Amino acid sequence: METKIDGDSEVQKWLKVALAEENLESFSVKITGSSEKGDGYVGDVIFVVVTGIDKQGKNKEYDLVLKCSKPSAALMESVPVFRQAFVREAYLYQHVFPLFKQFQISKGIEKPFDSVPKCYGVYSDDFRYVIVLENLKKLGYDLWPKAKPLTREVIDIVIKDYAKFHATSVALEEQHPEIFQKLLDGSAEDLVKQIVETAGFVTMFQDAVEEVYELLTNDVEKDILEQWLELKDKVRFIFGELTSAIDDLKVINHGDAWVNNFLYKFENEEKTTVSKVAILDWQVSKFTSPLTDLSYFLFAGISKEDIADIDTILRDYYRYFCEYLRRLNSKFADTYTIQNFFDWWKRYGKYGLVMCIVPIKSLYSEKKDLPDMAEAADRGVDVGESFKFETSDKNGFKDRLRPIVEYAVKNSLI
């Protein structure tokens with residue numbers, strides 16, 4: 001789809017504000033695509049090409065992604081925290097990522113964590129919030145093939161980047177506590193907890209746990225399933241006390257680590273070789289355990305073969321994390337033992353267990369059946385109700401969840 005738009009269009013209005021620092025004298029916009037149902041639950045994406053002339057008379061062209069809040073007043077009124085989520089993401093792009101990068105470079109790091117798209121600016125009014133990002137698909141990045149578990153190579157690339165990001169958070173807080181506290185002051189609210197409590201998501205997550213129990217009734221030992229079902233009564237604890245009121249290691253995290261929130265730079269047409277990753281959708285980032293990111297990412301994307309060797313993957317992350325801490329001159333690595341790490345994995349891994357169910361289910365479902373929270377809000381029902389959808393491939397869904405359930409119970413994550 002390609003659509004040329006006139007100078008008075010809504011998109012043109014957004015871009016005049018968001019691209020202010022590009023000093024464009026004039027520009028035109030061509031819409032080249034948009035997101036589909038299921039690509040984003042609280043926002044839409046518009047792909048555009050902007051061509052213009054800057055104030056020095058130079059021709060400019062930009063391939064951009066406009067990440068927009070849903071055009072549903074009912075959704076924003078029923079769950080106002082969704083707007084705050086866009087503000088949170090913009091804050092990370094405009095303040096956290098630049099400061100993290102500056103800190104790493106000051107420590108002599110030649111290749112700092114920079115696995116996010118460039119942000120050109122934001123637009124907001126009472127109705128919409130828009131974040132303008134570079135279009136990484138034009139640079140060879142793309143989504144991982146749907147319903148295909150991640151390869152070990154890809155998992156390693158992501159956990160290395162998470163280790164760098166998490167370690168930077170720890171070292172910055174340790175060495176510049178006042179600066180770090182100012183960062184936290186700009187993003188202090190726990191949006192995940194607010195969303196879960198206000199949008200009917202407690203029931204949604206509880207139902208998801210029970211759905212897995214029923215799905216695996218004839219395939220997994222009864223005592224394992226009974227222990228799995230105990231997660232249902234822990235949902236409020238997981239999104240409340242477990243991940244908020246903690247005294248253990250905390251970092252500024254990603255927060256939404258399912259497979260569709262990563263773009264991979266493929267080096268061949270078969271999409272079997274990946275060289276880089278870009279991490280997207282930082283709307284529910286918070287100050288919490290780094291193992292929330294790690295558990296969510298691994299459980300949402302790992303294969304049954306690799307989950308049998310997940311301890312090796314976890315040790316790799318621990319090693320990458322400690323190595324990067326030392327490169328940043330942090331003393332924390334001297335006291336952070338592998339035993340600490342695995343103890344905390346057992347404690348915080350349940351976050352990923354609960355979070356991964358619906359994203360995995362969506363990978364084995366038709367687009368037409370996927371949740372549409374804006375539609376639900378417009379109909380006046382709890383947006384959490386929109387997540388009661390049927391999967392079109394129950395066997396595929398079952399095969400992905402079975403090893404996760406068995407691993408979680410046998411390794412005392414519940």
Side-chain angles (χ1 to χ4, degrees), residues 21 88-120 133-134 136 139 141 154-188 246-255 257 262-265 274-280 282 285-294 297 313-341 344-345 348:
E21 292 188 7
R88 171 69 49 83
E89 183 166 29
Y91 183 82
L92 266 82
Y93 278 114
Q94 296 179 317
H95 299 282
V96 176
F97 299 148
L99 184 57
F100 273 28
K101 186 174 182 179
Q102 179 185 350
F103 173 68
Q104 291 168 85
I105 292 172
S106 76
K107 296 296 180 178
I109 304 294
E110 294 182 358
K111 295 182 178 180
F113 172 84
D114 196 23
S115 299
V116 294
K118 177 180 178 180
C119 178
Y120 285 90
L133 306 168
E134 67 177 323
L136 291 176
L139 301 177
Y141 288 79
V154 168
I155 287 174
D156 195 61
I157 290 172
V158 174
I159 65 172
K160 277 182 179 176
D161 269 359
Y162 266 155
K164 290 170 73 171
F165 182 72
H166 296 156
T168 301
S169 180
V170 171
L172 182 62
E173 181 185 19
E174 177 186 67
Q175 297 169 34
H176 301 282
E178 292 182 1
I179 292 174
F180 190 81
Q181 187 57 50
K182 286 183 179 179
L183 276 186
L184 292 184
D185 290 343
S187 57
I246 63 176
D247 296 322
D248 303 328
L249 170 64
K250 291 190 286 187
V251 300
I252 296 175
N253 81 338
H254 174 206
F262 300 85
L263 290 177
Y264 300 97
K265 188 168 185 181
V274 172
S275 59
K276 295 179 182 178
V277 63
I279 304 175
L280 312 176
W282 296 77
S285 172
K286 61 185 281 188
F287 189 49
T288 188
S289 170
L291 295 175
T292 56
D293 281 341
L294 195 60
F297 168 71
I313 296 172
L314 294 172
R315 288 178 183 276
D316 286 342
Y317 167 86
Y318 170 81
R319 175 167 53 86
Y320 298 145
F321 177 72
C322 290
E323 287 174 353
Y324 208 69
L325 282 172
R326 293 187 177 97
R327 293 180 67 191
L328 296 170
N329 300 324
S330 170
K331 297 178 181 178
F332 183 77
D334 297 334
T335 58
Y336 184 47
T337 68
I338 191 70
Q339 187 60 54
N340 292 149
F341 174 76
W344 292 345
W345 168 253
Y348 298 107

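For clarity, every value in this text was computed on a predicted model and none was experimentally measured.
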To the nearest 0.5 angstrom, please state how far the [atom1] atom of [X] sits from the [atom2] atom of [Y].
X      : Y      : atom1 : atom2 : answer
Asp248 : Asn340 : CG    : CG    : 9.0 Å
Leu325 : His166 : CG    : NE2   : 11.5 Å
Leu280 : Leu133 : CG    : CG    : 8.0 Å
Lys276 : Leu263 : NZ    : CG    : 13.5 Å
Ile179 : Leu184 : CD1   : CG    : 12.5 Å

Considering all heavy atoms of both residues, which atom of [X] and which atom of [Y] are nearest to each other, and what is their separation?
X      : Y      : result
Tyr336 : Cys322 : CD2-SG, 4.1 Å
Ala278 : Leu136 : CB-CD1, 3.3 Å
Ser289 : Ile246 : N-CD1, 3.7 Å
Arg88  : Ser187 : NE-CB, 3.2 Å

Pair Tyr264-Val158, side chain to side chain contact (heavy atoms under 4.5 Å, CB included): steps then yes or no: CA-CA 10 Å; Tyr264 300 97; Val158 174; 3.9 Å; yes
Pairs satisfying salt bridge (Lys or Arg N to Asp or Glu O under 4.0 Å), at least one member in residues 106-120, at least two apart: Lys101-Asp114
Residue pair [X] / [Y], side-chain heavy-atom distance below 4.5 Å:
X      : Y      : answer
Phe287 : Glu173 : yes
Ile159 : Phe321 : no
Leu172 : Leu183 : yes
Glu174 : Leu328 : no

By salt bridge (charged side-chain N to carboxylate O under 4.0 Å, His left out) - contacts of Lys164 (at least two apart):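 Salt bridge (charged side-chain N to carboxylate O under 4.0 Å, His left out) list for Lys164, sorted by chain: empty.
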Salt bridge (charged side-chain N to carboxylate O under 4.0 Å, His left out) partners for Lys160, two or more places apart: Asp156
Residues which pass ring pair (Phe, Tyr, Trp, His ring centres under 6.0 Å) with [X], listed by chain and number, not counting sequence neighbours:
X      : result
Tyr141 : none
Phe341 : Tyr317, Tyr318
Tyr348 : none
Tyr324 : none

Chi angles and distances behind the side chain to side chain contact (heavy atoms under 4.5 Å, CB included) call for Ile157, Phe262: CA-CA 11 Å; Ile157 290 172; Phe262 300 85; over 6 Å; no
Name all residues meeting the side chain to side chain contact (heavy atoms under 4.5 Å, CB included) criterion together with [X]; count only those two or more places apart in sequence or in a different chain, and write none if there are none.
X      : result
Asp334 : Arg326, Lys331
Ser106 : Phe103
Ser285 : Leu92, Ile252, Asn253

Salt-bridge contact Asp185-Lys182 (side-chain N to carboxylate O under 4.0 Å):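 The answer is no: the pair does not qualify as a salt bridge.
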Full working for side chain to side chain contact (heavy atoms under 4.5 Å, CB included) between Val116 and Trp282: CA-CA 10 Å; Val116 294; Trp282 296 77; 3.7 Å; yes
Listed partners of Gln94 passing side chain to side chain donor-acceptor pair (under 3.5 Å), at least two apart: none
Side chain to side chain donor-acceptor pair (under 3.5 Å) partners for Tyr162, two or more places apart: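 Side chain to side chain donor-acceptor pair (under 3.5 Å) check on Tyr162 returns His254.
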Audit row: Ser330, Gln175, side chain to side chain contact (heavy atoms under 4.5 Å, CB included) steps and yes/no: CA-CA 8 Å; Ser330 170; Gln175 297 169 34; 4.3 Å; yes
Ring geometry between Phe165 and Phe100 (parallel below 30°, tilted from 30 to 60°, perpendicular above 60°): tilted
Test item: Asp293 side-chain N/O and Pro290 main-chain N/O as donor-acceptor pair under 3.5 Å: no
